[in-house]
Amino acid sequence: MDFLIFQAPILMVQASMDGILLGILFALIAYGMALQWGVMNIINIAQGELVIMGGYIAYFMYLSGIHPAFGIIVSPIIMYCVGWGMYKLVINKVVDKDLFTSILATFGISILAQQLMNFAFGADVVVAQSNFGTTMLFNDMVTIPNAKLFSGAVCVISAIILVVYMRKSKLGRAIRATAQNARAAKILGVDTEKVYAATFGINAALCGIAGACVAITFTLHPYTGLPYTVRSFMIVIIAGLGNLPAVAISGMGLGIFEEWADYLLGTEFRIAAVFSLLVIILVYRRFKLSRKREYLK
């Protein structure tokens, strides 16, 4: 275990700033999961695969000679259509089922998506070079890649646009009404089938934006979606459904935790620390629920 981070305080600043920017990205992915979970009562195990698919769209643009930053425009459009198609083919058949059925269905989608990406792009680790450069702070002692700053800004703007859309648009109001009481919304004339399809499409579009940011900031691989799913699940469990400020705070907290774990334990234990934290959170929530004599449906 390396305690150099405590001996050099500037490393704390570096880890914390990297963690905040990383957490903003996690928060956007988690908000998509919280949205479709709250409206459709479905836990999407394929959430991470949707992110990686969105990243590969930006990577394909990079291979075609187009700057991958334009992926934040193209990727959500394509991923919305992908999400809509997934709903029509699979998800609509498990909306009214229990959570375990939805987990199995989306797990199958996850495996299929992994194999399709492996077939289309190969199993090599790739990255879309943005060439955005680096920002130096504190007498060049802290380095922040501009790609991370760009990704953070894109995620914040996307979240704000989504919040405004959910509050002002007719579809947004219909989604919120369906989340509160789907049966009552249907009686009042809301087309819940259309709402569900649009909700899953919006979730996929958010993953597309996040995936484009991942492509220019980190690396892509067909089988790296699971950690993004786990992170999203953790954030939603901590923050709750429909609480965007709590999702943002939880996302940034998780990002800082990961960066500190990277510095303290080493990169090879980074994902292990995330999974360990998930176990701790689930055990704590189970204990808390048992004390209140409640149960999870």
Side-chain angles (χ1 to χ4, degrees), residues 25-26 28-33 35-37 40 42-95 97 99-130 151 158 196-233 271:
L25 177 64
F26 293 164
L28 183 66
I29 303 171
Y31 187 59
M33 174 177 277
L35 178 65
Q36 56 89 30
W37 188 350
M40 305 167 65
I42 285 179
I43 299 177
N44 184 16
I45 302 299
Q47 188 80 356
E49 276 64 39
L50 294 176
V51 174
I52 302 302
M53 289 173 66
Y56 271 118
I57 293 172
Y59 178 69
F60 179 78
M61 296 176 63
Y62 168 72
L63 294 180
S64 302
I66 304 173
H67 197 284
F70 289 102
I72 64 171
I73 300 174
V74 178
S75 185
I77 297 174
I78 297 176
M79 289 307 299
Y80 181 88
C81 298
V82 171
W84 185 286
M86 284 183 178
Y87 175 82
K88 291 297 184 180
L89 292 174
V90 180
I91 304 301
N92 66 335
K93 298 176 177 60
V94 299
V95 168
K97 308 297 182 181
L99 280 177
F100 183 70
T101 303
S102 69
I103 290 174
L104 287 178
T106 55
F107 182 67
I109 293 175
S110 171
I111 295 175
L112 177 61
Q114 290 175 4
Q115 298 304 319
L116 290 176
M117 289 186 289
N118 186 29
F119 175 77
F121 298 99
D124 295 334
V125 177
V126 297
V127 61
Q129 299 290 342
S130 62
S151 298
S158 300
Y196 289 151
T199 300
F200 204 84
I202 291 172
N203 173 45
L206 292 177
C207 290
I209 296 173
C213 293
V214 169
I216 64 176
T217 308
F218 304 106
T219 58
L220 292 174
H221 187 275
Y223 302 102
T224 56
L226 181 59
Y228 291 101
T229 301
V230 171
R231 290 159 174 152
S232 301
F233 182 74
I271 299 301

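What's counted below: heavy atoms across the whole structure, side chains too, no hydrogens, waters or symmetry copies. The first residue in the sequence is number 1, and the count goes up from there.
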From CA spacing to verdict: side chain to side chain donor-acceptor pair (under 3.5 Å), S110, E49: CA-CA 6 Å; S110 171; E49 276 64 39; 2.9 Å; yes
Main chain of [Y], side chain of [X]: is a donor-acceptor contact present, judged purely on distance under 3.5 Å?
X	Y	answer
S232	Y228	yes
S75	G54	yes
K88	W84	no
T229	I45	yes
T106	I103	yes

Let me confirm one number: the [atom1]-[atom2] distance from [X] to [Y], rounded to the nearest 0.5 Å.
X	Y	atom1	atom2	result
M33	I43	CE	CD1	7.5 Å
F107	L112	CZ	CG	12.0 Å
R231	L226	CZ	CG	10.0 Å
Q36	N44	CD	CG	5.0 Å

Parallel, tilted or perpendicular: rings of W37 and F233 (30°, 60°): parallel
What heavy-atom pair brings [X] and [Y] nearest, and what distance separates the two atoms?
X	Y	answer
A69	I216	N-CG2, 4.4 Å
M79	G208	CG-CA, 3.7 Å
P68	Y62	CD-CD1, 4.0 Å

Between [Y] and [X], is there a side-chain heavy-atom distance shorter than 4.5 Å?
X	Y	result
L220	T224	no
T199	Y87	no
N203	L35	no
Y196	N92	no
M86	L50	yes
M61	Y56	no
Q47	C207	yes

Candidate pair S151 and T217, rule side chain to side chain contact (heavy atoms under 4.5 Å, CB included), full reasoning: CA-CA 8 Å; S151 298; T217 308; 2.8 Å; yes
Enclosure of F70 CZ (heavy-atom neighbours >12, cutoff 6.0 Å): no
Within 6.0 Å of CZ in F121, more than 12 heavy atoms from elsewhere: yes
